[in-house]
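Right, one structure below, let's go through it.
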Amino acid sequence: MAIETTDTVVVGGGQAGIAMSEHLGKLGIPHVVFERDRIAERWRTARWDSLVANGPAWHDRFPNMEFSDVGGDAFAPKEQVADYFVAYAEMVGAPIRTGVEVTRVQRLEGRRGFRVETSEGVVEARNIVAATGPFQKPVIPPVIPATAGVTQLHSNDYRNPDQLPDGAVLVVGGGSSGTQIADELHRAGRQVYLSLGPHSRPPRAYRGLDFVWWLGVLGKWDMATPAPGTAHVTIAVSGAHGGETVDFRRLAERGITLLGMTQSFSDGVLHFAPDLAKNIADGDADYLSLLDEADEYIERYGLDLPEEPTAREFSPDPDCISNPILELNLAEAGIGTVIWATGFAVDYSWLQVDAFDEKGQPAHRRGVSPEPGVYFLGLPWLSRRGSSFIWGVWHDAKFLADQIAIQRSYRDYLAAAPIGQAGSEARRKAPVGG
Ligand SMILES: Cc1cc2nc3c(=O)[nH]c(=O)nc-3n(C[C@H](O)[C@H](O)[C@H](O)COP(=O)(O)OP(=O)(O)OC[C@H]3O[C@@H](n4cnc5c(N)ncnc54)[C@H](O)[C@@H]3O)c2cc1C
């Protein structure tokens, strides 16, 4: 039986795969998108039940379609985000084959291209775009042994408060997931501890405009990829309850006990770094610097926006910040569950090509790997801060589709006529860009 061939195989039918398909389609590049589950599956089944988008619907979307059922300034519930991508894929006619897993990709012997093994057979393709997501494998740091008598789960597996055994809950991680989950559990009546590291916590809105607008006009979403080794600082934002600033002092006032970074565990006792006050102070400084930049922008361009002096007022430090807990006996504190909101790793075991660095991480420049024909899309900081977010991945996909088209044009040039006298003559006469 003849093997199916196509120019480009896109692996993953989330927002990245759909954006890639739109741009490849516009350039007339034949392609197939393989998605092992459903379109935008992770928005449906790899997020907690109450999650809404962290950014308002006017912003957290692709440029060519608005949400039909969510107001522009509202925060789309996760199912509606998934529905949006299904509708978008239909609108752009994305050739997505759902329920098909890519199990292995290898270079073809002696000619350009790749053998793509899937759960439904083999395809050969010139190019591979790995769009399998920025957040693939949940990472739980090996701090508390499984035998410690406490339920441990990753934020990826958290769904709602009823899922957890009785008792207090320790949430580890002060990014958007950790703070939102801690808040939800506390509102559900749980006693909650929240362990925080360094973070950025922009105001939800300032002087009438959402922070996504400020980060946009101040060029911060477009900030270029930081140098290798630069420490990653998580961003704590939330669209829950209509969108509120993540304010750790306010969470503490409401009854959540804040802790420094979780460090080690011995004899039933968890140990925390003495860094809580510093993490909070750094977060405040980052918050205030954004207000300053916004004020400067307003002043420079003469914008008529309401003053908001209260945005600079902080409540006094609660006791858990001024007298931080450095040790916590889990049993004595009644903690029955630890939720690790500690991030994700990638898994490219199916992609068996020379596109990885010595640590096994994708090697690339703006998504273009050193293995000709292999591209990465959707990774954090692929080209800019916005790269792993809905609006950012669309622009990265456009760039990668252009790169694929450029390479195609070189191949087409060679294919147009053989090398030699007659071929050179034919090429000289051929129209450019045809
Ligand atoms: C809790 C949370 C909240 C977020 N909120 C926002 C937000 O509000 N706004 C925003 O802009 N961003 C948000 N993000 C970030 C980002 O938008 C999402 O992570 C988004 O799902 C990434 O899309 P993606 O297409 O790159 O990857 P994914 O959505 O992970 O899609 C990858 C797809 O690849 C498929 N796949 C994987 N391996 C294979 C294989 N071998 N063969 C075939 N298919 C495969 C998977 O099934 C999956 O459907 C959030 C992320 C998280 C974790």
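Order of appearance sets the numbers: ligands from 1, and atoms from 1 within every ligand.
- Each of the atoms 1 (C) of ligand 1 lies under 4.0 Å from some heavy atom of W48.
- Of the protein's non-hydrogen atoms, G12 CA, 3.2 Å is the one closest to atom 34 (O) of ligand 1.
- The proximity of L377 to ligand 1, defined as any non-hydrogen pair under 4.0 Å, does not occur for either the backbone or the side chain.
- Considering backbone and side-chain N/O of S177, none are found under 3.5 Å from N/O of ligand 1.
- Here the two rings, on F399 and H23, have centers that are 6.0 Å apart or farther.
- Listed by number with element, the atoms of ligand 1 under 4.0 Å from a non-hydrogen atom of D37 are 47 (O).
- Ring centroid separation for the pair W221 and F389 comes in under the 6.0 Å cut-off.
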Test side-chain contact (heavy atoms from CB on, under 4.5 Å) applied to F34 and E101, step by step: CA-CA 7 Å; F34 290 120; E101 179 165 14; over 6 Å; no
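- Across all non-hydrogen atoms, the minimal contact from S155 to A341 is OG-CA, 3.7 Å.
- Annotation: the span from F85 atom CZ to M65 atom CE amounts to 9.0 Å, rounded to 0.5 Å.
- On a distance-only criterion, V102 and ligand 1 share at least one N/O pair closer than 3.5 Å.
- Residues forming a side chain to side chain donor-acceptor pair (under 3.5 Å) with E293 (at least two apart in sequence, or on another chain): K220.
- Protein heavy atom closest to atom 4 (C) of ligand 1, with residue, atom name and distance, is W43 CH2, 3.8 Å.
- In this structure, the protein non-hydrogen atom closest to atom 44 (N) of ligand 1 is R36 N, 3.1 Å.
- Residue D60 approaches ligand 1 through these ligand atoms, each under 4.0 Å from one of its heavy atoms: 7 (C), 8 (O), 9 (N), 10 (C), 11 (O).
- Of all protein heavy atoms, the one lying nearest to atom 15 (C) of ligand 1 is S388 O, 3.7 Å.
- When heavy-atom distances to ligand 1 are checked against a 4.0 Å cut-off, A131 comes that close only through its backbone atoms N, CA, C and O.
- For E253, the CD atom is densely surrounded, since the number of other residues' heavy atoms within 6.0 Å is greater than 12.
- When only non-hydrogen protein atoms are considered, atom 17 (O) of ligand 1 lies nearest to Q15 NE2, 2.8 Å.
- Under a 4.0 Å heavy-atom criterion, V393 is not in contact with ligand 1.
- The six-membered or imidazole ring of H154 lies near that of F344, with a centre-to-centre distance under 6.0 Å.
- Atom 30 (O) of ligand 1 has its nearest heavy-atom neighbour, among E101, Q180, R42, in R42.
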Check step by step if side-chain contact (heavy atoms from CB on, under 4.5 Å) holds for Q152 and I144. CA-CA 9 Å; Q152 298 187 63; I144 307 178; 3.6 Å; yes
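- Between the CG atom in L290 and the CZ atom in F211 there is a gap of 9.0 Å [rounded to 0.5 Å].
- Of the options R411, R112, R126, a salt bridge (Lys or Arg N to Asp or Glu O under 4.0 Å) to D7 is made by R411 and by none of the others.
- In this structure, D83 and R44 have side chains that are in contact, with non-hydrogen atoms separated by less than 4.5 Å.
- Of all the heavy atoms of F34, the ones lying under 4.0 Å from any atom of ligand 1 belong exclusively to the backbone.
- Of the polar atoms of A16, at least one N or O is found under 3.5 Å from an N or O of ligand 1, judged by distance alone.
- Counting the atoms of ligand 1 from 1 in the order shown, those under 4.0 Å from a heavy atom of A53 are 8 (O).
- Looking only at heavy atoms of the protein, atom 8 (O) of ligand 1 is closest to N54 N, 2.5 Å.
- Of all protein heavy atoms, the one closest to atom 48 (C) of ligand 1 is E35 OE1, 3.4 Å.
- The distance from ligand 1 to the heavy atoms of V11 drops below 4.0 Å at these ligand atoms: 40 (C), 42 (N), 43 (C).
- No side-chain heavy atom of K26 sits under 4.5 Å from any side-chain heavy atom of V92.
- Ring geometry for F376 versus F356: interplanar angle over 60°, hence perpendicular rather than tilted (30 to 60°).
- Counting protein heavy atoms only, atom 19 (O) of ligand 1 is closest to R47 NH2, 3.1 Å.
- The contact set between ligand 1 and V100, taken as ligand atoms under 4.0 Å from a residue heavy atom, comprises 43 (C).
- For ligand 1, the polar-atom distance check against I390 finds a nitrogen or oxygen pair separated by under 3.5 Å.
- Atoms of ligand 1 lying under 4.0 Å from any heavy atom of W391, numbered from 1 in the order shown and given with element: 11 (O).
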